[in-house]
Participant: 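Submitted below is the structure of interest, expressed as structure tokens.
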Amino acid sequence: MNPSFRFLAILCLALPGLPASASAAGQPNVLMIPVDDLGDYISILQNHPGIKTPNFDRLAKRSVNFTRAYCAAPICQPSRAAVITGLRPDQTGIYDLGHSMVNSPVAMAAVGLEEQFKRHGYDTYLTGKFYHVEPTKRAWPEERMKAAWTEIKEPVNQKDPQLAGGYNSIGPAPGGMESMPDVAALKNTKGWLAAKHDKPFFIVQGLKKPHVAFVVPKEFFDQYPLDFIVLPEAPVGDIDDIPSNFAGSKKSFAKFRDNEKRWKETMQAYLASISFCDWVLGQILDALDASPYARNTIIVLWSDHGYHMGEKQHFAKRALWTQTLRVPFLISVPGMATAGRSCPAPVSLMDIYPTLNELCKLEQKAPQVLAGHSLAPLLKAPDANWPYVAVSSHGEGNAAVTDARYHYIHYADGAEELYDHQNDPREYVNLAKQPELAPVIERLSVSLPKSWAPERRNKGRGADE
């Protein structure tokens with residue numbers, strides 16, 4: 001038996017109260033929690049001053065916490081399409097919000113992650129944001145949606161607070177908790193976890209917050225008094241050594257640089273949104289722990305990309321710096337001896353698909369060659385040698401490669417950035433022109449995409465950012 005899931009089989013045999021079909025097959029359930037726009041401010045990563053995320057702490061105690069995990073792309077649609085298909089943007093041509101899986105022949109030929117579970121006998125349930133767009137619109141064709149999901153429940157009759165004031169809104173939600181789509185989706189997840197299941201399940205609850213608008217119930221704003229807000233470091237001249245106009249950060253930063261009160265208010269709203277996200281996570285964990293499935297369910301939590309709140313004089317996403325690419329990523333496997341450990345290896349969200357293939361014994365291979373690697377060895381030994389790098393891209397021709405020490409960026413116009421995370425974790429000093437580091441650039445360049453698929457643009461723009 002493969003040692004990476006031996007503990008699961010032992011666990012299933014030891015617990016006669018588990019659902020018979022799941023126990024007999026040795027296949028665990030999976031609860032996946034993708035989060036929108038959640039950067040590394042949470043307590044288990046950067047631990048931003050004053051941040052309150054106790055439920056991330058709670059999940060980390062039963063998980064391996066991948067502290068150097070990177071997304072495939074720093075924007076929602078390409079990042080999510082990459083996780084779902086197991087293929088990077090340079091392979092599918094899905095580079096931006098208006099690019100569609102439906103318009104990508106490579107993506108259409110792939111078996112999606114949810115389809116992979118469905119064809120292996122799992123019941124599959126979806127609520128909240130998993131695809132970038134609503135699943136009934138442009139995620140997959142209708143026939144593929146029917147083949148992929150046992151049930152999809154949208155958070156119906158709920159209005160996102162952002163609709164009233166637009167994406168730049170910040171402040172308490174006028175409608176309180178019941179106005180939040182994540183709360184409506186939570187009701188669906190609680191119902192599925194409380195129900196009797198005769199087959200193993202794959203449940204996805206996607207969380208929209210802390211995506212803009214930064215509008216959440218007042219009690220979360222109350223946790224962060226404005227006078228105690230700590231702003232990130234943004235040294236004058238930090239981006240003077242960046243040779244490419246692609247960075248494009250000065251314009252987005254200027255409106256905050258000269259208005260510290262506005263900057264603090266925006267930071268307060270983002271932190272409040274993170275704590276609201278943490279509260280929803282706690283509700284999901286409560287529901288799982290109260291269910292019959294707590295001891296036979298893998299939990300996978302990830303964010304689609306990181307976020308800047310002024311670091312490197314940049315706001316939001318759409319950059320190839322580590323602040324934009326590094327994401328929360330936790331995997332909890334019942335019974336694993338490494339629960340509560342952190343893993344410092346540079347891993348990728350591309351590793352989710354092959355990891356779940358192995359842990360859940362999804363033996364029928366997908367037709368696509370997956371870009372990632374199973375993390376089962378790191379779940380068993382978080383400090384084990386990891387011979388791989390993490391590759392990310394933003395737009396056609398721009399890519400970043402991260403190894404155990406260095407972060408290298410290569411732009412389509414030939415410009416380069418290189419940062420030494422051992423001595424400069426905040427990436428203040430671009431070392432790309434240092435002659436003695438040319439061998440490092442040469443080594444990392446080998447992992448850059450060799451070719452770029454043509455972009456697969458929709459006629460209209462994506463639903464949101």
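The structure presented is a predicted model; accordingly, all values stated were derived computationally and were not measured.
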Participant: Is the backbone N or O of I75 less than 3.5 Å from a side-chain atom of S79, with the two atoms forming a donor-acceptor pair by type?
Facilitator: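 No, S79 side chain to I75 backbone: no donor-acceptor pair under 3.5 Å.
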
Participant: Testing the 3.5 Å rule here: is there a donor-acceptor pair between the side chains of Y95 and Q77?
Facilitator: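 Checked: Y95/Q77 side chains show no N/O donor-acceptor pair below 3.5 Å.
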
Participant: Is there a side-chain contact between E417 and Y408 (heavy atoms, below 4.5 Å)?
Facilitator: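 No, every pair of side-chain atoms sits at 4.5 Å or beyond.
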
Participant: Testing R68, H421, R326, H407 one by one against T402 for a side chain to side chain donor-acceptor pair (under 3.5 Å), which residue passes?
Facilitator: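 Considering R68, H421, R326, H407, a side chain to side chain donor-acceptor pair (under 3.5 Å) with T402 is found only for H407.
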
Participant: Please confirm whether the ring centroid of W302 lies under 6.0 Å from the ring centroid of F329.
Facilitator: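 No, ring centres 6.0 Å or more apart.
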
Participant: Kindly determine whether T53 and Y41 satisfy side chain to side chain donor-acceptor pair (under 3.5 Å), including the steps that lead there.
Facilitator: CA-CA 9 Å; T53 50; Y41 283 9; over 6 Å; no

Participant: Between D420 (side chain only) and D424 (backbone N and O only), is there a donor and an acceptor less than 3.5 Å apart?
Facilitator: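 Pair absent, no side-chain N/O of D420 close to backbone of D424.
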
Participant: Can you check whether H373 and Y388 have ring centres sitting under 6.0 Å from each other?
Facilitator: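 That pair passes the under 6.0 Å test.
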
Participant: Between the side chain of T67 and the main-chain N/O of C343, is any donor-acceptor distance below 3.5 Å?
Facilitator: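 Yes; judged by distance alone, with no hydrogens or angles, the pair exists.
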
Participant: Distance-only, no hydrogens or angles: does the E455 side chain make a donor-acceptor pair with backbone N or O of G93 under 3.5 Å?
Facilitator: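 It does not hold such a pair.
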
Participant: So, applying salt bridge (charged side-chain N to carboxylate O under 4.0 Å, His left out) with K312, which one of D241, D240, D238 is it?
Facilitator: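 By the salt bridge (charged side-chain N to carboxylate O under 4.0 Å, His left out) criterion, K312 pairs with just one of D241, D240, D238: D238.
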
Participant: Taking the cut-offs as 6.0 angstrom to the six-membered ring centre and 45 degrees off its axis, would you call K209 and F214 a cation-pi pair?
Facilitator: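 Here K209 fails the 6.0 Å and 45° test against F214.
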
Participant: Between T124 and V204, is there a side-chain heavy-atom distance shorter than 4.5 Å?
Facilitator: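 The answer is no, as the side chains (C-beta and beyond) never meet within the 4.5 Å cut-off.
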
Participant: Have a look at L349 and tell me which of S392, C71, S303 forms a side-chain contact (heavy atoms from CB on, under 4.5 Å) with it.
Facilitator: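 Among S392, C71, S303, the one that satisfies the side-chain contact (heavy atoms from CB on, under 4.5 Å) with L349 is C71.
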
Participant: What heavy-atom pair brings A319 and L325 nearest, and what distance separates the two atoms?
Facilitator: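 Looking at all heavy atoms of both residues, the closest pair is O-CD2, 3.9 Å.
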
Participant: Counting only N and O atoms by type, is there a donor-acceptor contact under 3.5 Å from the side chain of H308 to the main-chain atoms of W321?
Facilitator: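 Judged by distance alone, no pair lies under 3.5 Å.
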
Participant: Crowded around R426 CZ? As in, over 12 foreign heavy atoms under 6.0 Å?
Facilitator: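 Atom CZ in R426 is not crowded, with 12 or fewer foreign heavy atoms closer than 6.0 Å.
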
Participant: Once you round to the nearest 0.5 Å, how far does CZ of F130 lie from CG of L126?
Facilitator: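 With rounding to 0.5 Å, CZ (F130) is 7.0 Å from CG (L126).
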
Participant: Which residue, L285, L301, I284, forms the side-chain contact (heavy atoms from CB on, under 4.5 Å) with L31?
Facilitator: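 For L31, the side-chain contact (heavy atoms from CB on, under 4.5 Å) check succeeds only for I284.
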
Participant: Spell out, as yes or no, whether a donor-acceptor pair under 3.5 Å connects the side chain of T189 to the backbone of Q205.
Facilitator: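 The answer is no, because no donor-acceptor pair under 3.5 Å joins these two groups.
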
Participant: Ignoring hydrogens, what is the shortest heavy-atom contact between K153 and T127? Give both atom names and the distance.
Facilitator: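 So the minimum-distance heavy-atom pair works out to O-OG1, 2.7 Å.
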
Participant: Do L330 and V64 have side chains that approach each other closer than 4.5 Å (heavy atoms only, starting at C-beta)?
Facilitator: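 No, side chains not in contact.
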
Participant: Which pairs of donor and acceptor atoms, one on a side chain in residues 107-115, lie under 3.5 Å apart (sequence neighbours left out)?
Facilitator:
residue	atom	partner	partner atom	Å
E114	OE2	Y131	OH	2.9
E114	OE2	W140	NE1	2.7
E115	OE1	G112	N	2.6
E115	OE1	R144	NH2	2.5
E115	OE2	R144	NE	2.9
E115	OE2	R144	NH2	3.2

Participant: If you define the side chain from C-beta out and look only at heavy atoms, does anything of T85 sit under 4.5 Å from Y353?
Facilitator: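 A side-chain contact is absent here, since even the closest heavy-atom pair is not under 4.5 Å.
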
Participant: Going by distance alone, is a donor N or O of one side chain under 3.5 Å from an acceptor N or O of the other, for D90 and S393?
Facilitator: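 S393 and D90 do not have a side-chain donor-acceptor pair below 3.5 Å.
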
Participant: Do E219 and W279 have a side chain donor and acceptor closer than 3.5 Å?
Facilitator: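 E219 vs W279: no donor-acceptor pair found between side chains.
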
Participant: Any sub-3.5 Å donor-acceptor pair from D403's side-chain atoms to P346's backbone N or O?
Facilitator: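 Flag not set: sc D403 to bb P346 has no pair under 3.5 Å.
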
Participant: Ion pair present between K208 and D36, side-chain N to carboxylate O less than 4.0 angstrom?
Facilitator: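 Salt bridge: no.
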
Participant: For C360 versus I298, what's the shortest heavy-atom pair and its separation?
Facilitator: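 Looking at all heavy atoms of both residues, the shortest contact is SG-CD1, 4.1 Å.
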
Participant: In terms of side-chain geometry, is the basic nitrogen of D383 or R341 positioned less than 4.0 Å from the acidic oxygen of its partner?
Facilitator: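 Counted as a salt bridge, because a side-chain N and a carboxylate O are separated by less than 4.0 Å.
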
Participant: Counting only heavy atoms not in E260, do more than 12 fall under 6.0 Å of its CD?
Facilitator: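 Result for CD/E260: open.
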
Participant: Can you tell whether the side chains of R318 and D96 come within less than 4.0 Å, N to carboxylate O?
Facilitator: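 Yes, charged N to carboxylate O under 4.0 Å.
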
Participant: For the residue pair Y307 and Y270, is the inter-centroid distance of their aromatic rings smaller than 6.0 Å?
Facilitator: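 Here the rings of Y270 and Y307 have centres that are less than 6.0 Å from each other.
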
Participant: Using a 3.5 Å distance criterion without hydrogens, assess whether the side chain of K450 forms a donor-acceptor pair with backbone atoms of V446.
Facilitator: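 The answer is yes, because a donor-acceptor pair under 3.5 Å joins these two groups.
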
Participant: Tell me whether D222 is salt-bridged to K218, with the criterion being a basic N under 4.0 Å from an acidic carboxylate O.
Facilitator: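 Looking at D222 and K218, the cut-off is met.
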
Participant: Under 3.5 Å, is there a donor-acceptor pair between the side chain of N55 and the main chain of R58?
Facilitator: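 Answer holds: no.
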
Participant: Would you call M101 and T92 a side-chain contact if the rule is heavy atoms closer than 4.5 Å?
Facilitator: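 Sidechains of T92 and M101: no contact.
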
Participant: Evaluate the side-chain proximity of V440 to L418: yes if any heavy-atom separation is below 4.5 Å, no if none is.
Facilitator: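 They are in contact (side-chain heavy atoms under 4.5 Å apart), so the answer is yes.
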
Participant: Can a side-chain donor-acceptor contact be found between N398 and H410 if the only test is distance below 3.5 angstrom?
Facilitator: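 Absent: no donor and acceptor within the cut-off.
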
